[in-house]
Amino acid sequence: MAADVHKKKGWEVPNGSLAPGDGQHAERAESPTPGLAQGTEPGAGQEGAMFVHTRSYEDLTSPEDGGVAARSPEERQGEPAEPTSMEQISKDFSELSTQLTGMALDLEEEMRQNKEGKLEPSPQAARRDSVLSGKEEEDVTMDAWRMHRKHVFVLSEAGKPVYSRYGSEEALSSTMGVMMALVSFLEAEKNAIRSIHADGYKVVFVRRSPLVLVAVARTRQSEQEIAHELLYIYYQILSLLTWTQLNHIFQQKQNYDLRRLLAGSERITDNLLDLMAHDPSFLMGAVRCLPLASSVRDAVSTSLQQAKAKSLVFSILLSGNQLVSLVRKKDQFLHPIDLHLLFNLISSSSSFREGEAWTPICLPKFNSSGFFHAHISYLEQEMDLCLLLVSTDREDFFTVSDCKRRFQERLRRRGVYHALQEALRTPFYSVAQVGIPDLRHFIYKSKSSGLFTSPEIEAPYVREEEKERLLGLYQYLHSRAHNSSRPLKNIYFTGPRENLLAWVTSAFELYICYSPLGTKAGAISAVNKLMKWIRKEEDRLFILTPQTY
Amino acid sequence: MAAAAAAGQEKQLAPILLSFFIYNPKLGPKEGEEEKKILFYHPNEVEKNEKIRNVGLCEAIVQFTRTFSPTKPAKSLHTQKNRQFFHEPEENFWMVMVVRNPIIEKHKDGKPVYEYQEEELLDKVYSSVLQQCYSMYKLFNGTFLKAMEDGGVKALKERLEKFFHRYLQTLHLQSCDLLDVFCGISFFPLDKMTYLKIQSFINRMEESLNIVKYTAFLYNDQLIWSGLEQDDMRILYKYLTTSLFPRHMEPELAGRDSPIRAEMPGNLQHYGRFLTGPLNLNDPEAKCRFPKIFVNTDDTYEELHLIVYKAMSAAVCFMIDASIPPTLEFCRKLDSIVGPQLTVLASDICEQYNINKRISGAEKEPQFKFIYFNHMNLAEKSTIHMRKTPSVSLASVHPDLMKILGDINSDFSRVDEDEEIIVKAMSDYWVVGKKSDQRELYVILNQKNANLIEVNEEVKKLCATQFNNIFFLD
Amino acid sequence: MSREAPPEEEAPGGEGGGERQGEGGCYLALCARPVHFEKANPVNCVFFDEANKQVFAVRSGGATGVVVKGLEDKNPISFRMEDKGEVKCIKFSLGNKILAVQRTLKNVDFLNFIPDSPQLEYTQECKTKNASILGFCWTSSTEIVFITDQGIEFYQVLPEKRSLKLLKNQSINVNWYMYCPESSVILLSTTVLGNVLQPFYFKSGTMSKLSKFEIELPAAPKSSKLSLSERDIAMATIYGQLYVLFLRHHSRTSNSTGAEVVLYHLPREGSCKKTHILKLNRTGKFALNVVDNLVVVHHQDTETSVIFDIKLKGEFDGTTTIHQFVLPPRSIQPYQIPVAGPASVTSQSPVPCKLYSSSWIVFQPDIIISASEGYLWNLQVKLEPVVNLLPDKGKLMDFLLQRRECKMVILSVCSQMLSEPGRGSLSVIATVFDKLNHEYKKYLEAEQSYTMVVEAGQSRNNPPLKRPVRTQAVIDQSDMYTHVLSVFTEKKEAPHKFTIAVLMEYIRSLNQFQIAVQHYLYELVIKTLVQHNLFYMLHQFLQYHVLSDSKPLACLLLSLESIYPPAHQLSLDMLKRLSTANDEIVEVLLSKHQVLAALRFIRGIGGHDSISARKFLDAAKQADDDMLFYTIFRFFEQRNQRLRGNPSFTPGEHCEEHVTFFKQVFGEQALMKPTTF
């Protein structure tokens, strides 16, 4: 397979010339997709993508790039980030926090959702809901605390605790002090600390002035991947504060205790961390769509498109952490990271189910210096369909709320509700549909569209730790394939519990997991079969025609 | 690194040893006494306070990681510019090696710009190098603690200075690779009968030179027999093959077929000569000083004289108790008994070896580039590395591929279950890693157009030809 | 030495005997059970027949009473015959069928001893005119040769007809003759000097003349009188070859005085050659015997004997090999004459027998007769004393390996050289092992070529070669193991270094002779190494396949895993190399819960369609690893699908419990659905 990819110098072939799924061709080549130019791979969007797509982490790492993103005039006037309005910020923020904290916890609701397995707020999040300061209970000197798979700490340059995933910041302030000391020691030498390695765990440092983020991980992830996750945390914080304000605060007060501002938002961060441990979206830097008949999806998109308003930048319909439809302003692109942050915000609380929420939110990859205002609501009580309308105008609540109404109305008129309900009954498809006995699971990412698809994780990965282990294996392959100095095209791994195969081209990435008793020949025919299948199913699994207003 | 070749004016600067130090926190616990902790520091010119600060950093790192794992503290620290490796070979004795990341020197509008390549150094390789530093020190000096007991901190400092001053210069950091991780032993392939002959030769020698405690037998710098325990042999082997033998190569090559004893008349019946100890046995003034080595340091703690005697390509190490100083008479006796027999044996082995080679047809260049290592007996085999020159072993493949091997190796060492990894690098080389019950095999294939199945077949072929006599899981 | 014991030669007995015991180590002895007969005296003549090894006591006066005693036959034959004058010579034909008696110079009388056949004597006169019969000898049960002073006459006796039929005769002047029954060769001394010897060979009715040869006399004969006496000649088969032994009293070669024994090899065809010279380094009265292929020379004056072994190395001068005696001279072991006569007679203590008495008569090969005391012994070589008389272990082995009764002695020598005091050096031990194994290998090869011929089938029936006889000199591995090595390793007196060195030395030697080593030797090595925790040594040995592969060895290694983990790998490798041990490999892997490995292995050798699903599912279940169980279960579901078009298990496979378990862990829906493609 790989051989062909090579021989035919894959991606240099002009688009379309090697139409995938072309049967006769499939006979010749081992792979139905011998060389996919970006944009022709299965799942590639037709009129370009809806996301800026992330080829490598470097995209993320420069704090200013938020600013780089093109901005429409509306935004500029809507931009509230005047340094003066400190109280303004805290006001916005108190609003946010009241919304976050004030949401009455509906335990039954949580339970129900758990049963349906739609979204699983981590026990962590649940605990936070019940007892605000639950963390204090954990004794940071106990092995239990040490043995957590992944610690995450955020601190200010003054060494002040900002966030700790486990254990109270107070109890850890000395430890964080040491962390800061180490960072500054090396900076004093015009050097920069990256990581510490020991048997069974890594300590990874990420420096984002004015913050320092540290992770202590016992996972198989590479240093880069852990750094990547820390950046998510960083952006999560920005999404609540904006980069401009964060810096402003610390310019004002070197040893400001940021927790005062972030109070109550920890659950979002916690949830993000839990999500990253389960959901490959973050690893893939891509978004997964709810499998849906293209006709239905088109109907939904058009309805969204028609329910527009001047201040709207993005209209997003999502279910669980899967995208149903997204409509954007012309030449406004949403970065997958920003979308992930939105997903996380929504999944981190069941309370958006109660009526409509109107909350300021910064989309750091889009513009790290300003707030948008997100209208968040569920379409129906019983339906896991969440509508997210992102507006530039803080005062526009009612207009936006009206958009929602119009959207629902159109849905009804087009009568796609039922079809949607149907689709929601099976939000994930089974790998069995592909019809390859040894195949257990796979992840396929279309690079040009920034979308990926993968089946539900089924037996033998029934237990939670098994699911995490599987993701861990994908992380391992991903990190090797994307190693910054020694990237790889193909990885074939034969392990004690499963065999995996990774295939990375400029157009797509494919990771498959199958029986450890599967042969290599079997693996290759599986890949070919799978690629054919994806091509066949692509309009159901992907959004091929992204809409703009 | 590959890029370095391309862009003309880019320059690649290899990794170098920035500093190497040994300290013991217990020696200077009080404020202002920090200097006392430092037992050895290279480069010595470094200003006192900087020494103290660097030691302090290491202590801090170790302490910090103890909060997350009291028993498994830090092993290495990655920074933008360098990597630091920590090793605690004896309780509270810490060895630290700081290696600068390789640099690409570019020129932006006249000014040189340095780009540190942070992913180039492999932790496992350099940690192993650090551990070998200790093992080698211990082989010739015994443990740190012993030195302290013998002569206090002063003695220890002297020994460290004496040893590392010379040893550190022999580290060739830029050419370290997977083989340094294994630090294996290459065994000489031999038929049963010849091996038995060697056995009975050794037994007879030990009988007639009864003060000999242990014997080791090598041919062509490959081990055939070791009376020492594995771990001691491992480091002794490294010393012999990377230091002692190469130093004696020239005369060896010179006088391969004419006795190298022109200066010693009346002794032309054999080619035997001492690699350690007296050069000229007829000179009554000849000094019989042999290197001392320390073995079994964690139980019986034996101190031995190391006598290395060589005839043609066959080398024998006789190890005798240090309490019995070997006299000139003894050396003469040894020479007269061992010399002739070893000469005969050496030519036997050579003959047999050539026969076997003809049979197995192994003369021609191995078509496979591979590295094999068995953790059980430390057996190591590499068709990637050329013959070791003093302390360097040069790989014949691109460094990046060697690093991929290293990556695969460290992936393997995470779990002790059997695994296999086949990857295709950007250069389109295929690299295969196989781990089967304590054995590791790494193959590099440059059939760029091959596909996975073909690659798999190639490896099968290799196993069938090279390893058909062992149980290799498929 | 005449075949007859002339009474006047009686010697004054008493003195002498074995003064030399003092030096100890008598390696020659008279047999314990001699033949006792009535001692010779004027009225009782004693005859000895070398062919049947029988003593005839003929007492005359009136009718002649004859008592015949042999070494073999227990109860003596006795009969009477009418006295027809002095008996010159009397002998039974082979198997005591017919008795021949010579009374006159002209003829020989015969008497049948065959049941119900004519009992009357009959006579044969020698054909040659006025020739006189020197003697006769039976060459078979019915064939007889008359030796006259003018030639020989070869007859067949027809007992029923009571007559003889002349088969062949040859006229030639004969001084004296000598008969060697083992090779049925008659040697005639001819010519005036008598030193030209003419051999004849007899075989079932035929008589063949072998090429004559001349014995070089010590000194040029002064007169033309008979100068080669039959006393100085003997014939004997040594190492299967017929030799004429000549006792030369005064060595020709001036430099060495003292007598020597010259051996002439007398082949069936071809000419007779002088091959060996045995140096006696002394003069006087000698007598020769050949015992166990050793030439024994008795020296009457010193009352000692020496032995020579022509197989041992001597100095070769191009034509002949000169031998010194193997061991220092020793007297025959002192001998007590058992008290004769009825118990009623006062029980006197047994009389020490006078050794080397002049009344001794020596016959070939190993007979000593004391006519005066009426005893017949055969001479025996005792090996135990030799051990201490031959310090050179190599030579000792060469010597012992040629002896008939050598095994136990050799083994004791081996054990002795391995233990204090006087432990042998490794190189000595090596030589000994090599000598033993050289002999051992020779036998194995003979065996092999024999069986090969047998397997080839006697179809083309060329002379059916007979199975090689296994002499005591063949000391095989089990002998060494049971009598020497295991004992030696058991009593751990020697330092283990030495113990191991010895074992390796033995294995080395076996390999050198390409003898397949038995695994119990390897086990011995391993046991010893393990006892001293020399695991790394063991590992190296196995690495170089010094301990050859075998299932028992592999199992032994497995059993060591608990104390030495690498043993597991070693034994797996061994099983792999055996290539007949695939089942064992699978068992080993399963026992370690390496179910996947086992399955992959079987698939590798293409046996995965026939294996029992249950067995592997059990193993997977014991491994207590759900993922593993799933994998294995799925594997067999797919096998079922492939083989039977349906993933479910048949009742015959007895996997119900596993199916249930699978459902309960992974749920009903995880079961494979019957697919069709």
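Quick caveat: nothing in here was measured; it's all calculated off a predicted structure. We name chains A, B, ... by the order of the sequence lines, and we start the count at 1 in each one.
Ranked by heavy-atom pairs under 4.5 Å with chain A, the first of B:Ser69, B:Gly56, B:Ala60, B:Ser127 is B:Ser69. Taking A:Ser195, A:Ala198, A:Ser485 one by one and counting their heavy-atom pairs under 4.5 Å with chain B, the maximum is reached by A:Ser195. Comparing A:Ala181, A:Gly200, A:Pro487, A:Gly495 by heavy-atom pairs within less than 4.5 Å of chain B, the highest count is held by A:Pro487. Of the listed residues B:Val431, B:Val432, B:Ile404, B:Val423, the one with more heavy-atom pairs under 4.5 angstrom with chain A than any other is B:Val423. Top candidate by heavy-atom pairs under 4.5 Å with chain B, chosen from A:Arg220, A:Met179, A:His148, is A:Arg220. The candidate with the highest count of non-hydrogen atom pairs below 4.5 Å against chain A, out of B:Asn82, B:Asp411, B:Val415, is B:Asp411. Among the candidates A:Leu186, A:Asn191, A:Leu182, A:Ile491, the residue making the largest number of heavy-atom pairs closer than 4.5 Å to chain B is A:Asn191.
Only the side chain of A:Glu223 comes within less than 4.5 Å of a heavy atom of chain B; its backbone N, CA, C and O stay farther away. Contact annotation for B:Asp123: only side-chain heavy atoms (C-beta onward) come within less than 4.5 Å of a heavy atom of chain A. For a residue to count as touching a neighbouring chain, one of its non-hydrogen atoms must lie under 4.5 Å from one of that chain's; by this rule B:Arg53 touches chain A with backbone and side chain alike. Neither the backbone nor the side chain of B:Ser427 comes within less than 4.5 Å of any heavy atom of chain A.
Between A:His478 and A:Tyr476, the ring center distance fails the sub-6.0 Å criterion.
The existence of a salt bridge linking B:Lys81 and B:Glu118 is excluded, since no basic side-chain nitrogen approaches an acidic carboxylate oxygen closer than 4.0 Å. Note on B:Glu34 versus B:Lys37: no salt bridge recorded, every NZ/NE/NH1/NH2 to OD/OE distance being 4.0 Å or above. Salt bridge annotation for B:Glu419-A:Arg497: absent, with no cationic side-chain nitrogen under 4.0 angstrom from a carboxylate oxygen.
Remark: A:Arg218 is positioned above the aromatic ring of A:Tyr201, its terminal NZ or CZ atom under 6.0 angstrom from the ring centre and at most 45 degrees off the axis.
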Item to check | Intermediate values then yes/no, side-chain contact (heavy atoms from CB on, under 4.5 Å), B:Tyr126 and B:Leu173 | outcome: CA-CA 8 Å; B:Tyr126 291 93; B:Leu173 293 181; 3.8 Å; yes

Checklist entry - Would B:Val459 and B:Phe370 count as a side-chain contact (heavy atoms from CB on, under 4.5 Å) if you check the C-alpha gap in whole Å, the side-chain angles of each, and the deciding distance to 0.1 Å? => result CA-CA 10 Å; B:Val459 175; B:Phe370 70 87; over 6 Å; no

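Contact detail for A:Tyr461 and A:Arg469: the closest heavy-atom pair is CE2-NH2, 3.9 Å.
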